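Just follow the structure's listing: the first ligand is 1, and inside any ligand the first atom is 1. Since the structure is predicted, the reported quantities are computational estimates derived from the model, not experimental observations.
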Amino acid sequence: MSKLVVVGTVAFDAIETPFGKTDKILGGAATFIGLSASHFNTEVGLVSVVGGDFPQEYLEMLENRGMNTDGIEVVKDGKTFYWSGRYHNDMNTRDTLATELNVLADFNPVVPDNFKDAEVVMLGNLHPAVQLGVIEQTPAAKLIILDTMNFWMDSALDLLHQVIAKVDVITINDEEARQLSGEYSLVNAARKIQEMGPKYVVIKKGEHGALLFHEENIFFAPALPLEEVFDPTGAGDTFAGGFAGFLSASGDYSFENMKRAIIYGSNFASFCVEKFGTERMQSITKDEINTRLEQFKALTKFELN
Ligand code: AMP
């Protein structure tokens with residue numbers, strides 16, 4: 001079976017939306033990526049770090065869903081990464097209230113031996129130095145996908161540029177694409193980012209879908225219009241997990257197949273936002289996934305005459 005290495009935060013999140021508020025719940029980029037990537041026929045190996053305060057039952061939940069957690073280091077006397085955010089009424093924008101790196105501050109990732117030959121590597125959101133460390137340990141990678149955010153552009157831009165130069169695909173939201181490139185037009189932003197290294201640029205636009213750029217080609221996937229959006233946290237990571245999981249399982253990394261991967265990613269993201277944190281991602285069924293894929297098809301299919 002193909003293998004997918006996922007690195008990213010495994011975290012505690014505290015979230016406020018116009019619909020409610022949570023105490024510390026399970027979150028983290030790698031958690032959301034893994035929860036969607038594990039629906040595909042590929043072995044998913046998580047690489048991350050947590051503190052002694054991280055409940056064993058969360059690790060067991062990830063294992064039970066088919067993820068390999070050997071690469072999650074537990075620092076017994078440390079505290080788990082903590083992030084807190086508050087969404088505005090539009091549910092598309094948010095303020096970060098707290099980012100406590102804790103055990104992430106001096107984390108040296110170790111990719112387990114049986115995942116060093118993975119063909120696909122998903123660099124989820126965390127410190128670019130850690131992302132670089134994972135690239136060095138996965139020499140067989142044929143497709144490296146990077147997700148990042150403004151936090152790292154503000155605090156570690158030089159290192160982030162080193163990572164960007166080494167990856168094949170970058171997924172980034174619209175505001176971050178503008179910040180990274182200095183361009184307002186997303187077409188120009190994507191072109192500038194392609195010049196930095198990645199041949200493929202995916203720009204996520206929240207409830208307005210996602211754009212895929214490759215050379216002069218552009219593909220657009222809408223987000224599914226939903227009756228209820230409860231908590232958008234992790235939607236971007238869930239999207240990236242579906243994208244990476246699909247590509248890893250199929251072994252076809254062409255532009256045409258990436259279009260399909262974007263639809264799979266968007267499909268998973270549409271579930272993620274329906275409940276707080278990882279709750280919805282822990283309960284989706286195959287039937288629900290397939291029904292929504294058909295809705296995606298119907299949403300965009302049209303005849304010209
Ligand atoms: P998203 O909504 O897709 O941007 O992902 C939100 C998730 O990313 C939350 O579960 C957080 O724990 C995690 N997160 C927030 N800030 C950071 C950061 N600076 N680095 C890594 N992960 C983060």
* Asked: Looking only at heavy atoms, is any part of His127 under 4.0 Å from ligand 1, and if so is it the side chain, the backbone, or both, or is it neither?
  -> neither
* **Closest protein heavy atom to atom 21 (C) of ligand 1, given as residue, atom name and distance to 0.1 Å** => Asn125 O, 3.0 Å
* Asked: side chain to side chain donor-acceptor pair (under 3.5 Å): which pairs involve residues 159-173, sequence neighbours left out?
  -> Asp147-Thr171, Asp168-Lys199, Asn173-Glu176
* Asked: Could you give all pairs that pass the salt bridge (charged side-chain N to carboxylate O under 4.0 Å, His left out) test and reach residues 78-95, with sequence neighbours left out?
  -> Glu16-Arg86
* Give yes if a backbone or side-chain nitrogen or oxygen of Gly28 is under 3.5 Å from a nitrogen or oxygen of ligand 1, and no if not. => yes
* Quick one: look up the protein heavy atom nearest atom 4 (O) of ligand 1 and list residue, atom name and how far away it is. => Arg94 NH2, 2.9 Å
* Considering only non-hydrogen protein atoms, determine which one is nearest to atom 2 (O) of ligand 1 and report residue, atom name and distance to 0.1 Å. => Gly234 N, 2.7 Å
* Who's the nearest protein heavy-atom neighbour of atom 3 (O) of ligand 1, and how far? -> Asp237 OD2, 3.0 Å
* Give a yes or no on whether a salt bridge exists between Lys301 and Glu294, defined as a side-chain N under 4.0 angstrom from a carboxylate O. => no
* To do: With the side chain counted from C-beta on, respond yes when Phe12 and Pro55 share a heavy-atom pair under 4.5 Å apart, and no when they do not.
  => yes
* Answer with yes or no whether Phe32 contacts ligand 1, where contact means a heavy atom under 4.0 Å from a ligand atom. => yes
* Structure fact -> among protein heavy atoms, the one nearest atom 13 (C) of ligand 1 is Thr9 OG1, 4.0 Å
* Asked: Which residue and non-hydrogen atom of the protein lie closest to atom 14 (N) of ligand 1, and at what distance in Å?
  -> Phe81 CE2, 4.0 Å
* To do: Note the single closest protein heavy atom to atom 12 (O) of ligand 1, along with its residue, its atom name and the distance in Å.
  => Asp13 OD1, 2.6 Å
* Looking only at heavy atoms of Tyr82, does any of them come nearer than 4.0 Å to an atom of ligand 1? -> no
* Asked: Is there a donor-acceptor pair under 3.5 Å between the side chain of Thr17 and the backbone N or O of Phe230?
  -> yes
* Contact check, Trp152 vs ligand 1, heavy-atom distance below 4.0 Å -> yes
* Asked: Is Gly236 close to ligand 1, meaning an N/O of one under 3.5 Å from an N/O of the other?
  -> yes
* Asked: Does Asn68 offer a backbone N or O that forms a donor-acceptor pair with the side chain of Glu63 under 3.5 Å?
  -> no
* Asked: Do side-chain atoms of Ser48 reach the backbone of Val10 as a donor and acceptor pair under 3.5 angstrom?
  -> yes
